[in-house]
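Some notes on the structure that comes next.
Per chain, numbering begins at 1; letters A, B, ... match sequence-line order.
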Protein chains: 2
Amino acid sequence: MPSKSQPITMDAVYTAPGYLFRRMQQIAVSIFVEECSAFDLTPVQYASLVAIHTHPGIDATRLSAVIAFDRSTLGNVIERLESKALIERKPSREDKRVKLLYLSKSGAAVLRDIMPSVERAQLRMLQPLKPADRKTLLTLLTQLVDLNNEASRVPLRAEDALEHLGKQGEGALGTGVS
Amino acid sequence: MPSKSQPITMDAVYTAPGYLFRRMQQIAVSIFVEECSAFDLTPVQYASLVAIHTHPGIDATRLSAVIAFDRSTLGNVIERLESKALIERKPSREDKRVKLLYLSKSGAAVLRDIMPSVERAQLRMLQPLKPADRKTLLTLLTQLVDLNNEASRVPLRAEDALEHLGKQGEGALGTGVS
DNA sequence: TCGATATTGTAAGTATACTGTCAATCTACC
DNA sequence: GGTAGATTGACAGTATACTTACAATATCGA
């Protein structure tokens, strides 16, 4: 039967999945930034570096599909990474609209060096749970994100978003797509 | 044994809990905004309305503790709610620094009317999972958020943050703390 | 009571995150 | 081959989210 307008309490907030997701995200960012403070990289900037490392010569639009971040937002992120000299932007010869993204030497170095801190952060987020529960949570969360993919404004389009890149082969991409 | 600098792939991103939390939060907001589009309320604005409804005469600082949102951020949120005439701000007589928050008539009406849409949104977020899995995920997430409370920049200080309010008894708070 | 300390709201600055729009450019169809 | 429609990066605008700083005010200790 339909819930007949029960009184509104804080439980309406505290038990709502949306609220829990928000809280958890805030906690996760907080832990990430703390662990990685020595590198002055945000989670989004880190993810961008990984994606550019994995797909050298990717453009901003495809990058946004690969990490499921908004294209507009990514513009600023790229700007900051460039101003920190962690990446380089080169105009494409085939398409004058496109700017290709590459890791700089220092970008590659930062990415290599930050990995242990990132792993430590990821561990800390789940630390309070029992190991078995961590695994369960991750499994369910992965499923849920995947099944809800289309519901998000920027659905993840992992490797298949990069088909165009393979063609012209801007150098030695080791198309690491299994 | 320590992982000997394995090659960096996109899996370093896709399987990281932090990334999954971010994705899920984006999806959750997207669904919330879609379901509640008729009311032009964001998740944060909704949570603020609930908290002000539950604790009439609360001030901004305590509100931030009750919903675990940043105090600075909340300033803007309150401003927007006020400019939409959903809440009212009255200076406290006991403390000239403080501004007390109350729902306006139209704020109370909006809160009442939006509840079904909010519930629909919360259901949709978990919809793709089997009912048993939904419960498991919520349980684990609740635990994790609670146990990580102090790790976040703005730890939740639910009802106990409101002790001061009870004293002067700014009206009929039904201290619904079990 | 007076001075150090703390709290409150506010503001400025940075960084996501999303909505639009726009000009330049590319593609495809006719 | 020339134009309609799509794509690309950029920009403007709104809304969290956090940091630091600040003035006004409160409070507490000596």
Side-chain angles (χ1 to χ4, degrees), chain A residues 18-19 21-23 25-34 37 40-48 58-65 67-84 89-101 152-155 161 164, chain B residues 18-19 21-23 25-34 37 40-48 58-65 67-84 89-101 152-155 161 164:
Chain A
Y19 176 77
F21 290 136
R22 173 179 303 268
R23 285 280 289 136
Q25 217 268 320
Q26 288 174 344
I27 290 166
V29 171
S30 182
I31 290 176
F32 184 102
V33 170
E34 195 178 313
S37 60
D40 191 34
L41 270 195
T42 66
V44 173
Q45 291 169 8
Y46 159 75
S48 300
I58 197 174
D59 64 275
T61 297
R62 254 169 283 277
L63 177 59
S64 96
I67 55 183
F69 293 160
D70 183 76
R71 205 162 58 98
S72 301
T73 306
L74 217 49
N76 302 326
V77 176
I78 289 172
E79 227 171 67
R80 271 169 230 127
L81 288 176
E82 198 182 18
S83 79
K84 288 195 235 182
R89 254 194 298 197
K90 299 179 188 167
S92 163
R93 273 185 303 282
E94 295 108 42
D95 189 333
K96 281 184 224 162
R97 295 168 304 177
V98 170
K99 294 180 182 173
L100 274 22
L101 301 172
S152 84
R153 285 285 156 214
V154 188
H164 303 77
Chain B
Y19 177 77
F21 291 135
R22 174 180 302 270
R23 286 280 288 137
Q25 216 270 320
Q26 287 174 344
I27 290 166
V29 171
S30 182
I31 290 175
F32 184 103
V33 170
E34 195 179 315
S37 59
D40 190 34
L41 271 195
T42 66
V44 173
Q45 290 168 11
Y46 158 74
S48 301
I58 196 173
D59 64 277
T61 297
R62 254 169 282 277
L63 177 58
S64 96
I67 56 183
F69 293 160
D70 183 76
R71 204 164 56 103
S72 302
T73 306
L74 217 51
N76 301 325
V77 176
I78 289 172
E79 225 171 68
R80 271 170 230 124
L81 288 175
E82 197 181 19
S83 80
K84 287 195 235 181
R89 253 195 297 198
K90 298 179 190 169
S92 164
R93 271 185 306 281
E94 295 109 42
D95 188 333
K96 281 186 223 160
R97 296 169 303 178
V98 170
K99 295 180 182 174
L100 274 21
L101 302 171
S152 84
R153 285 285 155 215
V154 188
H164 303 77

Handout entry: Nearest-0.5 Å distance, CD of residue A:Gln45 to CD1 of residue A:Ile78
Key = 11.0 Å
Practice task
Report the distance from atom OH of A:Tyr19 to atom CZ of B:Phe69, rounding to the nearest 0.5 Å.
Solution key: 6.0 Å
Roughly, in whole Å, what's the span from [atom1] in [X] to [atom2] in [N]?
X: B:Lys96; N: C:dT10; atom1: NZ; atom2: C1'; answer: 19 Å
X: B:Asp70; N: D:dT16; atom1: CG; atom2: P; answer: 12 Å
X: A:Lys90; N: D:dG9; atom1: NZ; atom2: P; answer: 16 Å
X: A:Gln26; N: C:dA15; atom1: CD; atom2: C1'; answer: 14 Å

Fill in the blank from the handout: Among D:dC18, C:dG9, D:dG9, the one nearest any side-chain atom of B:Arg71 is C:dG9
Exercise for the section: Looking only at side-chain atoms of B:Arg97, point me to the closest of C:dG9, C:dT7, D:dA15. Expected result: C:dT7
Handout entry: Touch class at under 4.0 angstrom, heavy-atom based, for B:Val77 against every strand present
Key = sugar-phosphate
Exercise for the section: Could you tell me whether B:Thr73 contacts a base, only the sugar-phosphate backbone, or nothing, with contacts defined as non-hydrogen atoms closer than 4.0 Å? Expected result: base
Handout entry: B:Leu74 side chain reached by B:Ile67 side chain, heavy atoms, under 4.5 Å
Key = yes
If the cut-off is 4.0 Å, is [X] near the phosphate of [N], judged by side-chain N/O to OP1 or OP2?
X: B:Arg62; N: C:dT7; answer: no
X: B:Ser72; N: C:dA11; answer: no
X: A:Gln25; N: C:dT16; answer: no
X: B:Arg80; N: D:dT14; answer: no
X: B:Lys99; N: C:dT10; answer: yes
X: B:Arg89; N: C:dT10; answer: yes

Practice task
Apply ring pair (Phe, Tyr, Trp, His ring centres under 6.0 Å) to B:Phe21 and list each qualifying residue two or more places apart in sequence or on a separate chain.
Solution key: none
Practice task
Identify, between B:Ile27 and A:Asp40, the residue whose nearest nucleotide on DNA chain C lies closer to the 5' end.
Solution key: A:Asp40
Practice task
Please tell me which of A:Glu79 and A:Val98 maps to the more 5' nucleotide of DNA chain D, matching each residue to the nucleotide holding its nearest heavy atom.
Solution key: A:Val98
Practice task
Keeping the roles fixed (side chain from B:Ser30, backbone from B:Gln26), state whether a donor-acceptor pair exists under 3.5 Å.
Solution key: no
